[in-house]
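Reviewing the structure listed below.
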2 protein chains.
Amino acid sequence: MADVKSGPNPLFLREEDLRQGIELLFYAYRDFTAEPDAMLAKIGLGRAHHRVVYFVGRYPGINVTELLGILQITKQSLARVLGDLVAQEYIAQRAGTKDRRQRLLTLTEKGQELERTLSDAQRARIAQAYRAAGAAAVEGFRTVMLGIIDAEDRAKFQPPGPGKR
Amino acid sequence: MADVKSGPNPLFLREEDLRQGIELLFYAYRDFTAEPDAMLAKIGLGRAHHRVVYFVGRYPGINVTELLGILQITKQSLARVLGDLVAQEYIAQRAGTKDRRQRLLTLTEKGQELERTLSDAQRARIAQAYRAAGAAAVEGFRTVMLGIIDAEDRAKFQPPGPGKR
DNA sequence: ATTTTACGTCAGCCATGTTGACTTATTTCT
DNA sequence: AGAAATAAGTCAACATGGCTGACGTAAAAT
């Protein structure tokens with residue numbers, strides 16, 4: 001590969017490159033959350049509710065311990081928002097069949113609708129960015145993002161390969 | 001192109017691809033902020049203080065209105081954390097010379113040290129991810145992240161080109 | 001039978017966002 | 001010169017969403 005001057009050389013990382021990376025994350029996250037936050041405010045819910053609804057939608061039948069592991073918050077913090085969501089019938093709970101201590105969480109119809117409404121803005125944003133960037137850029141994006149994420153959670157993003165789960 | 005099952009095709013965006021994008025942002029931001037948050041807690045400060053210190057370090061002499069524009073929070077929210085930082089001498093204020101109503105903000109020595117300590121963990125995380133991913137992936141990462149960010153703020157990331165600022 | 005686990009709950013605290021109203025100093029506009 | 005707009009600060013009150021600590025109950029595992 002020739003010495004292309006516009007091409008970045010991340011193996012020769014400058015302070016400025018790293019600052020830019022930090023800022024990309026700050027601005028992207030800020031804008032990424034702004035739309036659903038505004039919708040949530042109208043129905044008296046917050047970002048924490050969105051996260052719960054999102055992950056319950058993603059992993060139907062997830063139990064409380066698993067959800068806590070994803071969100072990395074305390075049981076008490078989760079209890080508050082989960083309580084709201086169950087009371088307002090966005091989320092249904094049922095006892096585990098194998099382990100009856102567990103509360104398996106699923107979205108109700110109403111919850112699915114909420115999840116879709118909230119995340120649609122985010123999906124649209126991602127879709128637009130992906131389309132504008134092209135397939136190769138998307139692959140690079142994924143690779144870098146995975147590198148930023150703690151190793152323990154990278155497995156979640158592996159395609160269903162040799163692993164049994 | 002053949003029907004390669006592992007190859008992504010972002011022009012043919014599947015629900016799953018978009019979900020993955022949402023999750024990459026969630027996990028990356030979660031892990032990206034965890035280390036500085038833990039350091040901040042030890043000295044009685046929070047993430048909001050970090051953001052202020054970061055951007056004052058990035059734009060020395062920035063005024064309050066500009067900082068509010070970046071953070072997208074209210075003046076009152078900023079006042080609290082900025083007040084702490086000035087009181088504890090992480091940040092110095094001086095009146096603008098051209099417009100004496102402005103308070104221009106700069107980091108003190110102590111503030112610079114704090115900024116460096118806090119952001120070093122983040123810089124290291126970015127650097128490691130960039131190095132592991134390679135130059136092409138980094139370029140793709142930048143492109144996609146810019147696509148996610150609201151158009152108004154994309155200009156901040158343009159290299160000092162034709163524009164006068 | 002004991003211990004551990006999964007979950008829930010009460011009580012209180014802190015950080016960080018919000019709105020609304022108002023003041024002061026300075027600059028800009030007419 | 002006088003009026004209006006702007007930059008910044010401030011007071012008060014409130015909501016959200018984290019946190020710790022302590023304790024309870026049911027079910028599973030040892």
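The model shown is predicted, which means the values in this text are computed figures rather than measured ones. Scope of the values below: all heavy atoms of this structure, side chains included, with no hydrogens, waters or symmetry mates.
Side chain of Asp99(B), nearest nucleotide from dT16(C), dA7(D), dG8(C): dA7(D). When distances are taken from the side chain of Gln102(A) to each of dA6(C), dG8(C), dT16(C), the shortest belongs to dA6(C). With dT16(C), dG18(D), dG9(D) as the candidates, the nucleotide lying closest to the side chain of Arg47(B) is dT16(C). With distances taken from any side-chain atom of Arg51(B) to the nucleotides dA8(D), dA6(C), dG17(C), the minimum falls on dG17(C). Between dG18(D), dT16(C), dA28(D), one nucleotide has an atom nearer to the side chain of Ala48(A) than all others, and that is dG18(D).
For Asp37(B) and dC19(D), the CG to P distance is 10 Å, given to the nearest whole Å. Separating the CG atom of Leu82(A) from the P atom of dT16(D) is a distance of 17 Å, rounded to the nearest angstrom. We find that CG of Leu71(B) is positioned 10 Å from P of dT18(C), with the value rounded to whole Å. Rounded to whole Å, the distance from CG on Asp84(B) to P on dA15(C) is 9 Å. Atom C1' of nucleotide dT20(D) and atom CD1 of Ile73(A) are separated by 15 Å, given to the nearest angstrom. We find that CG of Leu45(A) is positioned 11 Å from C1' of dT16(D), with the value rounded to whole Å. Whole-Å rounding puts the Leu68(A) CG to dT5(C) C1' distance at 13 Å. As rounded to whole Å, 10 Å separates atom P of dG17(D) from atom CG of Leu85(A).
OP1 or OP2 of dT5(C) has not a single side-chain nitrogen or oxygen of Thr65(A) nearer than 4.0 Å. The side chain of Asn63(B) contributes an N or O atom lying less than 4.0 Å from OP1 or OP2 of dA8(D). The side chain of Ser77(B) places an N or O atom within less than 4.0 Å of a non-bridging phosphate oxygen (OP1 or OP2) of dT18(C). Applying the 4.0 Å criterion to OP1 and OP2 of dT16(C), one finds that His49(B) has a side-chain N or O inside that range.
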Enumerate all atom pairs, one protein N or O and one N or O from nucleotides 20-25 of chain C, separated by less than 3.5 Å.
{"residue": "dG20(C)", "atom": "O6", "partner": "Gln76(B)", "partner atom": "NE2", "Å": "2.8"}

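When each of Ile91(A), Val53(A), Val56(A) is tested with Leu82(A) by the rule side-chain contact (heavy atoms from CB on, under 4.5 Å), just one qualifies, namely Ile91(A).
When heavy atoms are screened at a 4.0 angstrom cut-off, Thr74(B) is found touching base atoms of the nucleic acid.
The base of dG17(C) is paired with the side chain of Arg80(B) by a donor and an acceptor separated by under 3.5 Å.
Relative ring orientation between Phe141(A) and Phe141(B) is described as parallel, the plane-to-plane angle staying below 30° on a 0-90° scale split at 30° and 60°. The aromatic rings of Tyr27(B) and Phe157(A) stand perpendicular to each other, their planes meeting at an angle above 60°, with 30° marking the opposite boundary.
Annotation: side chain of Thr106(A) is in contact with side chain of Arg94(A) (closest heavy-atom distance under 4.5 Å). Put simply, the side chain of Leu146(B) reaches to within 4.5 Å of the side chain of Leu24(A), judged on heavy atoms.
Of the charged side-chain nitrogens involved, none lies within less than 4.0 Å of a carboxylate oxygen, so that Arg30(B) and Asp150(A) do not count as a salt-bridged pair.
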Worksheet item: So Phe26(A) and Tyr54(B), ring pair (Phe, Tyr, Trp, His ring centres under 6.0 Å) or not? Walk me through it.
Response: CA-CA 11 Å; Phe26(A) 168 76; Tyr54(B) 178 84; 8.1 Å; no
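Using a 3.5 Å distance cut-off with no hydrogens or angles, the side chains of Ser119(B) and His50(B) do pair a donor with an acceptor.
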